[in-house]
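Quick notes on the structure that follows.
Every value quoted in this text rests on a predicted model; they were computed, and no experiment measured them.
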Amino acid sequence: MSAPTLTQDPAAGERRPRKARTRTPRTPSAGTGKALRRNLTAHGFLIGAVLCFAFFSWYPIVREFLLAFQKTEDGRVSWTGWDNFVTIWNDPAFGQAWRNTLWFTALAIVLGFAVPFVTALVINEFRHGQGYLRLLVYLPVMLPPTASVLLFKYLYDPGYGMFNEVLDVFGIPAQQWLQDPDTAMLSVVVASTWMNMGGATLIYLAALQSVPGELYEAAELDGAGLLRKVWHVTIPQTRLILALMLLMQIIATMQVFIEPFLLTGGAGPEGSTTTVVYLIYQYAFNFNNYGAAAALGLILLVLLAAFSAVYTRLSRATEA
């Protein structure tokens with residue numbers, strides 16, 4: 001115990017002892033307990049999300065990698081090495097599927113990448129009714145994909161489809177949209193573009209509205225027209241969004257399946273709409289060759305991952 005100290009009493013002029021101050025131990029506050037519970041709750045949600053992601057994403061990737069080098073016969077699993085890859089390489093449909101997929105991707109970039117951007121440019125010029133136009137553009141995305149595809153299958157019908165009715169008004173002969181090898185893939189791309197352009201249009205529109213208006217005013221003072229303003233102001237200011245959307249567009253179109261499967265039965269006339277993912281479907285569910293299906297899926301995975309890495313590296317080099 002510390003000794004008491006003396007203090008001077010100004011009234012009596014005497015010194016009196018002063019009590020020493022004692023320090024009380026600190027107790028955890030209520031705020032600390034709330035913060036601890038909050039952190040535990042956040043970590044619980046995070047762990048749950050990681051477990052779901054691992055089960056539904058990482059595990060299928062690992063399982064696919066193993067299946068690509070395995071073969072199952074009569075319930076017995078055996079390692080086959082590169083036999084599954086040799087099987088799909090010697091399949092005549094392998095090359096055709098890759099050519100059709102690349103052709104679909106090229107057409108989808110021309111339509112599915114350019115059309116939403118142009119649509120966003122047009123909507124951005126409206127001062128009134130933008131909310132209604134955004135809703136109108138996004139409506140196809142809210143429809144179930146199967147319903148949208150079946151709607152286009154009805155429109156493409158060679159007998160009573162609306163597209164041939166429009167051609168008949170202008171005196172143009174009816175077309176076999178989905179039955180002709182020359183027009184089947186283009187018809188699939190048009191349907192896919194209409195189904196998926198709503199989300200991309202809204203992303204482009206948000207990027208356009210973030211461009212400072214002073215840049216357009218300066219371009220107008222320099223005598224720039226609409227196309228020059230788009231080329232010299234809009235595209236440079238939104239290049240990051242454009243690059244990201246282009247990457248996502250290529251990855252998505254390389255995995256196309258629903259549209260050709262429902263519109264043309266998958267293969268299409270003379271195999272004109274056979275894609276890589278549809279070939280994977282055939283190996284797995286028509287031929288019961290899960291090893292070959294996994295091998296082809298692994299090839300697609302590696303190619304898309306390599307393309308994404310190279311594209312990202314080139315984009316960073318361009319920005320630097």
Side-chain angles (χ1 to χ4, degrees), residues 99-126 129-130 132-143 145 148-149 151-152 155-156 163 166 175 177-178 182-211 215-216 219 224-260 263 272-273 275-277 304 307-308 310-312 314-315 318-319:
R99 288 191 297 270
N100 291 338
T101 302
L102 294 176
W103 177 232
F104 179 89
T105 302
L107 291 175
I109 290 176
V110 173
L111 294 178
F113 183 71
V115 171
F117 185 69
V118 174
T119 304
L121 288 174
V122 174
I123 295 177
N124 193 47
E125 293 298 322
F126 283 86
Q130 280 196 12
Y132 171 76
L133 294 175
R134 288 197 299 265
L135 176 63
L136 189 64
V137 171
Y138 196 72
L139 273 177
V141 181
M142 294 187 287
L143 293 175
S148 300
V149 173
L151 172 63
F152 267 86
L155 297 176
Y156 284 135
F163 291 154
V166 173
Q175 302 294 319
W177 300 102
L178 300 175
D182 296 331
T183 59
M185 184 61 78
L186 180 60
S187 301
V188 172
V189 172
V190 171
S192 178
T193 300
W194 182 83
M195 290 169 51
N196 303 303
M197 66 175 291
T201 301
L202 294 186
I203 294 175
Y204 291 142
L205 185 59
L208 291 175
Q209 292 178 349
S210 65
V211 179
L215 298 179
Y216 291 110
L226 177 61
L227 295 179
R228 290 184 60 187
K229 286 191 294 185
V230 171
W231 182 257
H232 294 287
V233 177
T234 304
I235 293 179
Q237 291 294 318
T238 59
R239 65 182 184 277
L240 296 179
I241 296 296
L242 291 174
L244 177 62
M245 294 301 294
L246 178 61
L247 177 62
M248 295 177 62
Q249 177 83 8
I250 294 176
I251 293 176
T253 53
M254 289 290 290
Q255 304 176 67
V256 61
F257 174 75
I258 296 178
E259 293 87 345
L263 285 175
S272 58
T273 60
T275 61
V276 173
V277 178
L304 289 180
F307 169 78
S308 301
V310 172
Y311 184 83
T312 304
L314 294 177
S315 299
T318 303
E319 294 172 8

Given side chain to side chain contact (heavy atoms under 4.5 Å, CB included), test N100 with T273 step by step and report yes or no. CA-CA 6 Å; N100 291 338; T273 60; 5.9 Å; no
So how far is it from L247 CG to L304 CG, rounded to the nearest 0.5 Å? 9.5 Å
Strictly distance-based, threshold 3.5 Å: is any side-chain N or O of T101 a donor or acceptor partner for the main-chain N or O of V276? yes
Rounded to the nearest 0.5 Å, how far does CG of L244 lie from CD1 of I241? 6.0 Å
Might you work through the side chain to side chain contact (heavy atoms under 4.5 Å, CB included) test for W103 and R99, ending with a clear yes or no? CA-CA 6 Å; W103 177 232; R99 288 191 297 270; over 6 Å; no
Taking only residues two or more places apart in sequence or in another chain, which ones pass side chain to side chain donor-acceptor pair (under 3.5 Å) with N124? none
Can a side-chain donor-acceptor contact be found between Y204 and T119 if the only test is distance below 3.5 angstrom? no
Counting only heavy atoms from other residues, nucleotides and ligands, does the tally under 6.0 Å from CG of L227 exceed 12? no
Taking every heavy atom of A219 against every heavy atom of V233, the minimum-distance pair comes out as CB-CG2, 4.2 Å
Under 3.5 Å: donor-acceptor pair, side chain of R239, backbone of P236: yes
So, do V230 and I235 sit near enough that their side-chain heavy atoms are less than 4.5 Å apart? yes
Donor-acceptor pair, distance only, cut-off 3.5 Å: does the side chain of T275 make one with the backbone of V256? yes
Enter the distance from I123:CD1 to L136:CG here, rounded to the nearest 0.5 Å. 8.0 Å
Where do A224 and K229 come nearest, in terms of heavy atoms and distance? CB-CG, 4.0 Å
What donor-acceptor contacts under 3.5 angstrom involve side-chain atoms of residues 184-197, with partners at least two apart or in another chain?
residue	atom	partner	partner atom	Å
S187	OG	W177	O	3.4
S187	OG	T183	O	2.7
S192	OG	N196	ND2	3.3
S192	OG	E259	OE2	3.4
T193	OG1	V189	O	2.8
N196	ND2	S192	O	2.9

Show the nearest heavy-atom pair for residues L178 and L263, with the distance to one decimal. CD1-O, 3.5 Å
Test ring pair (Phe, Tyr, Trp, His ring centres under 6.0 Å) applied to F307 - qualifying residues, sequence neighbours left out: Y311
Indicate whether the side chain of Q130 and that of Q209 have a donor and an acceptor atom separated by less than 3.5 Å. yes
If I take atom CD1 from residue I109 and atom CD1 from residue I250, how far apart are they, to the nearest 0.5 angstrom? 4.0 Å
Using a 4.5 Å cut-off on heavy atoms from C-beta on, say whether the side chain of F163 contacts that of F152. yes
Give the intermediate values and the outcome of side chain to side chain contact (heavy atoms under 4.5 Å, CB included) for residues R228 and H232. CA-CA 6 Å; R228 290 184 60 187; H232 294 287; 4.1 Å; yes
Report the C-alpha distance between M248 and I203 in whole Å, list the side-chain angles of each, state the deciding distance to 0.1 Å, and finish with yes or no for side chain to side chain contact (heavy atoms under 4.5 Å, CB included). CA-CA 13 Å; M248 295 177 62; I203 294 175; over 6 Å; no
